[in-house]
Amino acid sequence: MDARPPFKSRASPLPSYANAIEEKHHLTTRPSRFFTSFYITLPNRRRLVVPLPIPPPLWLWLNTKFGRKRANAVAWLVVGALAWLFFSLLRGVFYWGHRPRWTTPIIGDPPTLVYGREDLRRIWEWEIASGHYPSTRPISDDIRLAIPPLNPGIPPTQHQRTRKGLYTSRAPSTIGVGSKREYINIQTEQPNTAYPPRVPPGSVADLDVIMDNCDFSQQKYVRDCLEVMRLGAGLDVNKRVRRGNVDIWKYIYREAPSNTRDRLPEVPELTLKQQKLLKEGASDAGLWRRDVLEQPLTNLTKPVPAKPFADLDGPCDPDYPRIFHMFWAGPFNEKPYVAILSFLFTQNLGLHLDTPDPTICRPQFWMWINPGPAAAVPNPNALRDMFRELADSPWAAPFLHPRFKEVVKFKMWNTTEQLDGVPELKHEWRQYQESLFNSGGTKYKVPSGKDKEKKAQEDLVKTATTTTPYLSSLPRKFGNSTSSDGDVPEFAASSASPAPDQSSDDDLFNRLGSNSQSTYDRLSVVLSDMARFILCHRFGGTYLDADTIFLRDWEELWGWKGAFAYRWSRLPTYNTAVLRLNRGSALGTFLFRTAFRNGFDFHPMTIGKYTKDSFLEGLLLRLPDAMFDPAWLAQEGYQRDRPPFPMFTDFKHFFQPPATESAPPQMLGFDGFFKGAYSYHFHNFWWVPFDPARNFPDLGPKFREGEYKARMKLRADKAAEAAKTAAGKHNDPAADETHRKAAAAAARNAGFNGYKPPTEEDIREMEEEDADVLADSRDLAWSAVLKRTFEGYVRGERPNMYGEWLKW
């Protein structure tokens, strides 16, 4: 292969040519500054001119530096690289039949789609027919819905609210046949004006209105979104200063009974475009799918439209249970304690009444406890052990009180049982049980039983040569419960326990809870990514991460029958710290089968890729983070020109605010904390106490024993730390041994199981601490203020956020 400008082996400023044709081409064509022409000899002695994007000065330098042969080799590499880039950019576009030419990516992430277009259309049609798409937002054209389906989730067009400037240039994706909506004005009435009113039972949130006013991708501010949500729910009691008509911000409505609906519209004749879509609708052209595909979704159940609240026989809809799920691993501490307290403080539970109101559907809080490390399964006695430990924990015991038994329930998590309860997985998941822990493509391979036994034996041999011998038949431990060697769980066998001082006690697969940043229980987090989808798909309801605090009643969100998560800050993907998924839905089937084919990856960003590749993002609505995570954008440096209040530049400021910003928590209290948001997500910080000055449950005389137990543990912790510090200050081995034993004894007494009741002197000292106001922290963080507010409600010193006093 030759090129222009030519190069001679001798140093000469004059050009040389291989033949007259090249010389003529060089003299008669206009030189280019960016391309060099190459000549390829064809079989008929003609020459093909190929211009390549190599600037002539660069080509001359390559010839001078490497010689003609090596420079030509570089040119061929450029040709190959361009061809590779060209085909990689067009991957997944051209097809042979119904399959893509390339399903393994050359650049970027691999495809995740395992269904064809007809199945994706079935999923959309099933969800719409079930009333799970109560929205007028357009559906992606890639689904190719030739005929707009009837949508019982929205009213007919003539009864829909006008949304100025929104989607007016295109035909609607669905035809509304649902009940008429009455948007209600929620405000306090005389004489009850001190606290906001409850949203009427059976109300529904119009999330289209919230998206219109809160969507970050449309440059909406969190501050403005919170105002809309405050005004629309009447939370701005006695503080409304906004003038003008705010009807456009009303987002809560009630549905009329189904017997008042209009007659179904007549189906018009198909247009030419619709006829074309019907013919081409079965084609999978344009879909980028994996090699292994799923069977067609022909076994979906018949969709049943959701009923309006006015049509129900009682206050609760059995098809849409009101359950809040939360997953917890490790010793029960103040983090889930505050989460449950916030649930009692905000939700409509009827705890201010002697008997529950029969017109109110009370939500339930299900706390799922994983009693051992994420890669282990508890023994048959684990459930009994779990409740014994909960009763022994001062942080958990108050919620076992009979007053709360109908609204707070503790459940034991069992991975094997839960996976077997998912119809889409129960017959196949076991073949992947050693690699179930997959987070964003990072896989954590669970050691098999044989591998763990071998490692345990090695640890025992090492222990026997350095410390007291251990028996090889030690029982397997799961948290605080044990099982014999014969009780090998199905999912992952736990090995014999190594010596207490072995590092393997705190490795990735043995951690139970996060005690610090360096001992973060990553595996439990990965397990919870999967657990939230299992729980919602099996039981229905809404999942919340354990680092979440309720800030208001969720009545109207229960009325909205679709599925949702929320936005990952500035990124157009999901955060599933809050997840709503309907029980046994077609969307759930899609997510589980897709995750199964993609290595059991349930990371929120991967879920976003599943829905994006399949054009199902509209079915798992990505709500604004202002609703559940209002500090996130400002914390990452966005919207600081008009931030919400309070503004956190770091999530740790919730626990440890700067001194210059530490006055508002005490002055404003609960009402000044992101007023309007449904919840607050404080993003981990498991090891930072909510209230360092009073790091114990302060719930009054009914739970005094638990308070004493926690305070005695704090004293034991301090004694253990003091003994440990003193042990390191002595050079005398005998003295060091004495202090070491003292530290060990103090550490043993620090546990709740080794609790010793306080003496009269201990009680007197604690009462003096409570009476001394100067012993308290001068500046209280938001975390401490919220914890003390919730505790004041349980003690009977104040009502909840809606002015309701707890009755025992």
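What you see is a predicted model, and the numbers here were worked out from it, not measured in a lab.
Applying the salt bridge (Lys or Arg N to Asp or Glu O under 4.0 Å) test to E617 and every residue at least two apart in sequence or in another chain returns R622. Scanning for ring pair (Phe, Tyr, Trp, His ring centres under 6.0 Å) contacts around Y610 gives an empty result, with sequence neighbours left out. Partners of D547 under the side-chain hydrogen bond (donor to acceptor under 3.5 Å, both in side chains) rule, at least two apart in sequence or in another chain, are H681. In this view, S569 and E636 satisfy the side-chain hydrogen bond (donor to acceptor under 3.5 Å, both in side chains) rule, not counting sequence neighbours. With sequence neighbours excluded, no residue forms a side chain to side chain contact (heavy atoms under 4.5 Å, CB included) with P423. The salt bridge (Lys or Arg N to Asp or Glu O under 4.0 Å) check on E127 picks up nothing, with sequence neighbours excluded. Every residue meeting the side chain to side chain contact (heavy atoms under 4.5 Å, CB included) condition with D215, not counting sequence neighbours, appears here in chain and number order: M211, S217, Q218, R567. Listed by chain and number, the residues in a side chain to side chain contact (heavy atoms under 4.5 Å, CB included) with A546 are M326, W328, W686 (sequence neighbours excluded). Residues forming a side-chain hydrogen bond (donor to acceptor under 3.5 Å, both in side chains) with K787 (at least two apart in sequence, or on another chain): E791. For the disulfide bond (SG atoms under 2.5 Å apart) test, residues two or more places apart in sequence or in another chain that qualify with C225 are C214. Applying the side-chain hydrogen bond (donor to acceptor under 3.5 Å, both in side chains) criterion to T442, with sequence neighbours excluded, gives no partner residue. Under the side chain to side chain contact (heavy atoms under 4.5 Å, CB included) criterion, R538 pairs with Q418, V422, I534, sequence neighbours left out.
Side-chain contact annotation: E424 with T589, donor-acceptor N/O pair under 3.5 Å present. Side chains of T346 and R552: no donor on one and acceptor on the other come within 3.5 Å. Checked by atom type, the side-chain pair Y251/D206 shows no donor-acceptor distance below 3.5 Å.
For F596 and Y432, the ring centers are positioned less than 6.0 Å apart. Aromatic pair F327/Y543: ring centres not closer than 6.0 Å. For an aromatic pair to be called close, the ring centres must be under 6.0 Å apart, and F602 with F592 satisfies this. Between W429 and F600, the distance separating the two ring centers is not shorter than 6.0 angstrom. When ring centroids are compared, Y320 and W560 stay outside the 6.0 Å threshold.
The shortest heavy-atom contact between F539 and I323 is O-CD1, 3.9 Å. The two residues P111 and N598 make their nearest non-hydrogen contact at O-OD1, 3.8 Å.
Salt bridge K335/D545: absent, no basic N to carboxylate O contact under 4.0 Å. Between R137 and D212, at least one side-chain nitrogen of the basic residue sits less than 4.0 Å from a carboxylate oxygen of the acidic one, meeting the salt-bridge criterion. Taking the charged nitrogens against the carboxylate oxygens, D553 and R198 do have a contact shorter than 4.0 Å, which makes a salt bridge.
With respect to F654, the ring pair (Phe, Tyr, Trp, His ring centres under 6.0 Å) criterion is satisfied by exactly one of F673, W632, F685, W782: F673. Of the candidates F399, F365, Y793, F365 is the only one forming a ring pair (Phe, Tyr, Trp, His ring centres under 6.0 Å) with F343.
A donor-acceptor contact shorter than 3.5 Å links the side chain of Q639 to the backbone of K220.
Interatomic distance, M386 CE to M412 CE, rounded to the nearest 0.5 Å: 7.0 Å.
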